[in-house]
Amino acid sequence: MLAIVVAAAGIVAITWALWRPTTLRAAASDSAGGAARVATSAVSVIVPARNEAANLTGLLDSLARSAARPHEVIVVDDGSTDGTAVVAGGPGATVIPAGALPSGWAGKPHACAVGAARSNGSVLVFLDADVRLSPDALGLVAALLATRRGLVSVQPEHRPGSVVEQLSAVFNVCAVAGSGGFTPHAGGASRVAFGPCLAISRDDYAAVGGHAGVAGSVIEDVALARAVAAEGRPVSVVLGGADVTFRMYPTGWRAMVQGWTKNIAVGAASAPPLPVLATVVWVAAMVATAISTVDGVARWAAGAAAPVAALVAYAAVALHAVWVLRLVGRFRRVTALAFPVPVLFFVLVFVRSSVLALLRRPVRWRGRTVASRQASR
């Protein structure tokens, strides 16, 4: 029965953390009527891009189909070696070089700062190159920002393409649940943000020091959210749903391990404690359930009684995981049913990230060596 109790604790914990999974469309519904006017007249879209030739076309095409056309689209080529500038140089986008990386700056915040300095819209929307937008998405983002003010952040729905990419499942859940924006009574208010899609007014951006204030941070989205909150301005998070999507690591193992190693441990340390604790309980419950089930089945094979309680606990966790994973992405049902596999991957990468951060060892990301200690600033 202990297995059932542990499983129940994990289910309750993650359900609480994801109690109100609000999508962009639902959150912006009250103000969507004026979204097109806001976006057309005011929005500067800024895309920091380093070796993103394979991704940019999809993003730029989706922006071109936007019902609320942005005032401008600026792609900041951050020292790419794969033809990013050529791909980005089509109709509708302005391509500018990021220039040499100044001392004390991480690559992405520098590219964002360069793009913001060159833009002239009163609303800044920062998008990662792997993001894809529905025709309504940009207008919905602008409308939500007009209503909520401060910093608005959208976590795209993850659409993994390969079997390997399914291993990101637990990371995606922990990132969303750990933000604290979806707990009861949170109403989207958060202390952290999701970097793939950020929107902020130029006035608020200047008031918090822009990306210059988070120059050395490897997880600049979290650092920017903290800077905004420190100035007494709201930070709102929503889920992209069908309107804002991305495919995170199409190139497979290496990029996936490096990306999550860079983000997960420091991000957890920066997030609100109770939602993070909820994710810890959920992961621990899945680990304990998997171990007790394997142990029970092994004993059963050796002649012991059937592990009914352990199998019930496993089934409950797996079926609940189907619902949880559907909130954050288009993960296959088999990924939820075989949850010990993505959980093991999560634990191994989290331990690696924590050790590197503790020892202040550098990590590699997009061809650059970045210091782990920068991420904590």
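The first residue in the sequence is number 1, and the count goes up from there. Every heavy atom of this structure was used, including side-chain atoms; hydrogens, water molecules and symmetry mates were not.
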Do Arg132 and Ser62 have side-chain atoms, one donor and one acceptor, less than 3.5 Å apart?
no
Determine whether Thr22 and Leu239 make a side-chain contact, defined as any pair of heavy atoms from C-beta on separated by less than 4.5 Å.
no
Measuring from atom OG1 of Thr279 to atom CD1 of Ile14, what distance do you get when rounded to the nearest 0.5 angstrom?
6.0 Å
Would Trp282 and Thr15 satisfy side-chain contact (heavy atoms from CB on, under 4.5 Å), going step by step from the backbone distance to the final call?
CA-CA 9 Å; Trp282 180 60; Thr15 301; over 6 Å; no
For Ala215, give me all partners under side chain to side chain contact (heavy atoms under 4.5 Å, CB included), at least two apart in sequence or on another chain.
Trp105
Distance-only polar pair, side chains of His71 and Ser119, donor-acceptor under 3.5 Å:
no
Show the nearest heavy-atom pair for residues Ala53 and Asp82, with the distance to one decimal.
N-OD2, 3.1 Å
Kindly compute the distance separating OG (Ser236) from CZ (Arg149), expressed to the nearest 0.5 Å.
12.0 Å
If a pair satisfies salt bridge (Lys or Arg N to Asp or Glu O under 4.0 Å) and one of its residues is in residues 166-180, list it, with sequence neighbours excluded.
none
Work out which heavy atom in Ala49 is nearest to a heavy atom in Leu56; give both atom names and the distance.
CB-CD1, 4.1 Å
Ignoring hydrogens, what is the shortest heavy-atom contact between Ala199 and Val141? Give both atom names and the distance.
CB-CG1, 3.6 Å
Go through Val163 and Arg332 one step at a time and tell me if the side-chain contact (heavy atoms from CB on, under 4.5 Å) criterion holds.
CA-CA 9 Å; Val163 173; Arg332 301 175 187 177; 3.6 Å; yes
Spatial distance of atom CG (Leu24) from atom OG (Ser153) [nearest 0.5 Å]
10.5 Å
Test item: Phe346 and Trp260 side chains (from C-beta on) under 4.5 Å apart, heavy atoms
no
Establish whether Val208 and Val192 are linked, either directly or via other cluster members, by ILVMFWY side-chain heavy-atom contacts under 4.5 Å.
no
Side chains of Glu72 and Ser44: any donor to acceptor distance under 3.5 Å?
yes
So does Arg326 have more than 12 non-hydrogen atoms from other groups sitting under 6.0 Å from CZ?
yes
Which pairs count as salt bridge (Lys or Arg N to Asp or Glu O under 4.0 Å) when at least one residue sits in residues 195-218, sequence neighbours excluded?
Asp204-Arg233
Closest approach of Val43 to Ala142 (non-hydrogen atoms, all atoms of both residues)
CG2-CB, 4.3 Å
Leu138 CG to Arg69 CZ distance, which is reported to the nearest 0.5 Å
10.0 Å
Quick one: do Lys108 and Asp221 make a salt bridge, cutoff under 4.0 Å?
no
Is the count of non-hydrogen atoms from other residues, nucleotides or ligands lying under 6.0 Å from Arg159 atom CZ greater than 12?
yes
Would the Phe350 and Phe171 ring centres measure less than 6.0 Å apart?
no
Do the non-hydrogen side-chain atoms of Thr183 and Trp19 ever get within less than 4.5 Å of each other?
no
Verdict with reasoning, Leu327 to Phe182, per side-chain contact (heavy atoms from CB on, under 4.5 Å):
CA-CA 11 Å; Leu327 292 178; Phe182 306 103; over 6 Å; no
Apply side chain to side chain contact (heavy atoms under 4.5 Å, CB included) to Val164 and list each qualifying residue two or more places apart in sequence or on a separate chain.
Ser162, Trp253, Met256
Are Val173 and Val176 linked, directly or through intermediate hydrophobic residues, by side-chain heavy-atom contacts shorter than 4.5 Å (ILVMFWY only)?
yes
Over 12 foreign heavy atoms within 6.0 Å of CH2, Trp300
no
Applying salt bridge (charged side-chain N to carboxylate O under 4.0 Å, His left out), name anything that partners Glu165, two or more places apart in sequence or on another chain.
Arg247
Give a yes or no on this: more than 12 heavy atoms of other residues, nucleotides or ligands lie within 6.0 Å of atom CH2 of Trp323.
yes
With a 3.5 Å distance limit and no angle check, can you tell me whether Ser80 reaches the backbone of Gly83 through a side-chain donor-acceptor pair?
no
Run Leu63 and Leu127 through side-chain contact (heavy atoms from CB on, under 4.5 Å) and show every step you take.
CA-CA 11 Å; Leu63 284 168; Leu127 295 175; 4.3 Å; yes
Contact check, side chains of Val76 and Cys112, non-hydrogen atoms, under 4.5 Å
no
So which heavy atom on Ala255 is nearest to which on Thr251, and how close?
CB-OG1, 3.4 Å
Same cluster (ILVMFWY, side-chain, under 4.5 Å), Leu133 and Ile46:
no
Do you know which two heavy atoms are closest between Gly187 and Arg148, and how far apart they sit?
O-NH1, 3.6 Å
As an exercise, state the distance from CZ of Arg352 to OG1 of Thr261, rounded to the nearest 0.5 Å.
4.0 Å
Hydrophobic cluster membership, with links at side-chain heavy-atom distances under 4.5 Å among I/L/V/M/F/W/Y: are Leu325 and Leu167 in one?
yes
Output all residues satisfying salt bridge (charged side-chain N to carboxylate O under 4.0 Å, His left out) with Asp243, sequence neighbours left out; order by chain, then residue number.
Arg25
Count I, L, V, M, F, W, Y as connected when their side-chain heavy atoms are under 4.5 Å apart, and connections chain through other members. Are Val114 and Leu101 then in the same cluster?
no
From Leu224 CG over to His211 NE2, what is the distance, rounded to the nearest 0.5 angstrom?
5.0 Å
Tell me, do Thr57 and Asp61 make a side-chain contact under 4.5 Å, heavy atoms counted?
yes
Is the shortest side-chain heavy-atom distance between Val170 and Phe345 below 4.5 Å?
no
